[in-house]
Structures are given as structure tokens and as C-alpha cells.
Amino acid sequence: MVRQVSLNDLIDMVNNVENFEVVDYQGDSIIVDEVKGIVKIKDEETKKELSELRKRSPRGKPTPKQLSVTADVVRRLVDNKVKFKVVFGPKEVIIRFDLDHYIRLSEKDVRIVGYSSRNEGALGLIASDLEKYGPLVFLKRVK
């Protein structure tokens with residue numbers, strides 16, 4: 001469901017732990033969509049079983065500190081009109097720029113994939129905000 005939102009609406013989505021994707025910008029408006037999963041299931045019976053399993057599994061939420069840092073990062077990325085996705089998991093937040101570039105705020109630190117230095121690309125805009133949360137750990141791709 002694509003819709004236009006303001007920066008305040010986006011920050012509210014972060015505080016309400018709602019996944020979203022910023023797909024474009026139009027003037028002062030931000031165009032967001034819901035995050036689409038990779039799995040596509042045609043069989044209705046299997047879909048029902050999976051949704052029941054999801055309902056039963058207890059999931060933690062991101063910590064208040066993770067949400068606060070994510071809100072700061074979202075503000076900075078929107079100010080620079082960067083397209084990105086935010087996906088919340090149990091005690092973690094993933095900020096994804098594309099398949100090969102993303103940042104994961106885990107319980108202990110900030111895991112960075114696809115970047116080789118803190119000044120590279122979108123990471124250069126938000127590295128100082130991320131360092132408020134914890135040390136930046138650069139992960140290398142396994143080939």
C-alpha cells in the first residue's frame with residue numbers, strides 16, 4: 001500500500017515498530033510502501049498454517065535505545081533523500097539500502113554489510129548516529 005507521509009509520520013512508524021520502505025520523495029512528502037517479503041506461497045492451506053505459526057511464536061521488540069537511534073537515522077536519511085527499508089525483528093533493527101548494503105542494530109553492536117569504511121555511501125551520512133548505539137562492526141562477504 002503506497003502512501004505519502006511526513007517525516008513525523010515516519011518517526012511515529014518507527015516508534016510503533018512498523019516495517020516500511022521509503023520508495024521515493026515528492027517535494028516535502030515521503031512516499032512509503034509496506035515491506036514485501038521474499039516468500040510467495042500460492043497454496044492457501046500452507047498460508048494459513050504459516051500465519052498460525054507466526055501468531056504463536058513469541059517475538060521480542062527492539063529496545064527503546066534501538067528505536068531512538070533508528071529514529072535519528074531515519075531523520076538523517078530523509079534529510080538527504082535516501083531510499084531505504086526499515087525492518088524490525090526481535091531485539092534488532094535492520095536498515096536496508098539494497099540487497100548487498102544493510103545495517104543491523106543487534107543487542108551488542110552495529111553490524112554493517114556491504115560497506116568497507118564508515119565514510120562510504122549512505123553509511124557516511126549516518127555513521128555518527130550509529131556510533132551512539134555501539135561499535136561499528138564491518139562484516140566481510142563470504143565468497
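Hydrogens, waters and symmetry mates are skipped; everything else that's a heavy atom, side chains included, is used. On a predicted model such as this, the values are computed, not experimentally measured, just so you know. In this chain, numbering begins with 1 at the start of the sequence shown.
- Nearest heavy-atom pair, G27 versus K81, reported as atom, atom and distance to 0.1 Å: O-NZ, 3.5 Å.
- Side-chain contact of S116 with E120: a donor-acceptor pair under 3.5 Å is present, judged by distance alone.
- Of all non-hydrogen atoms in G121 and Y115, the two that sit nearest each other are CA-CE2, 4.4 Å.
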Next on the checklist: Set out, in order, the CA-CA distance, both residues' side-chain angles and the distance that settles side-chain contact (heavy atoms from CB on, under 4.5 Å) for R104 and V110, then state yes or no.
Outcome noted: CA-CA 6 Å; R104 186 172 149 242; V110 180; over 6 Å; no

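- We find the CG-CG distance between L7 and D79 to be 7.0 Å, quoted to the nearest 0.5 Å.
- In this structure, CD1 in I30 is found 10.0 Å from CE in M13, a value given to the nearest 0.5 Å.
- A 4.5 Å side-chain heavy-atom check between I103 and L130 finds at least one atom pair inside the cut-off.
- Note that NZ of K85 and CD1 of I94 are 11.0 Å apart. Values are rounded to the nearest 0.5 Å.
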Indicate every side-chain donor-acceptor pair of residues 14-21 with a distance under 3.5 Å to a residue at least two apart or in another chain.
residue	atom	partner	partner atom	Å
N15	ND2	I11	O	3.3
N16	ND2	D12	O	3.1
N19	OD1	F88	N	2.7

Checklist entry - Between V137 and I112, does a side-chain contact (heavy atoms from CB on, under 4.5 Å) hold up when you go through it step by step? => result CA-CA 6 Å; V137 178; I112 298 170; over 6 Å; no

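- The side-chain heavy atoms of R118 and F138, taken from C-beta on, include a pair separated by under 4.5 Å.
- With rounding to the nearest 0.5 Å, the separation of CD in Q4 from CG in D24 is 9.5 Å.
- Between L67 atom CG and K61 atom NZ the span is 9.0 Å, to the nearest 0.5 Å.
- Heavy-atom minimum distance, D109 versus P135: CB-O, 3.4 Å.
- Exactly one of I95, D72, D129 qualifies for a side chain to side chain contact (heavy atoms under 4.5 Å, CB included) with L77. That residue is I95.
- Judged by a 6.0 Å distance limit and a 45° cone about the ring axis, K65 is positioned over the six-membered ring of Y133.
- Side-chain heavy atoms closer than 4.5 Å link hydrophobic residues (I, L, V, M, F, W, Y) into clusters, and following such links, even through other members, never connects I31 to V87.
- Checked by atom type, the side-chain pair Q66/E92 shows no donor-acceptor distance below 3.5 Å.
- Taken from OH in Y102 to CG in L123, the straight-line distance is 14.0 Å, to the nearest 0.5 Å.
- Heavy-atom contacts from other residues, nucleotides or ligands closer than 6.0 Å to NZ of K108 number 12 or fewer.
- Two residues are said to be in side-chain contact when any heavy atoms from C-beta on lie closer than 4.5 Å; L105 and V69 meet this criterion.
- Residues L10 and V32 form a side-chain contact, since some pair of their non-hydrogen atoms from C-beta on lies under 4.5 Å apart.
- Residues V78 and Y25 share a closest heavy-atom pair of CA-OH, 3.6 Å.
- Residues V23 and V73 do not share a hydrophobic cluster, defined by chaining ILVMFWY side chains whose heavy atoms lie under 4.5 Å apart.
- One finds no salt bridge joining R96 and D98 here, because no Lys/Arg side-chain nitrogen approaches an Asp/Glu carboxylate oxygen to under 4.0 Å.
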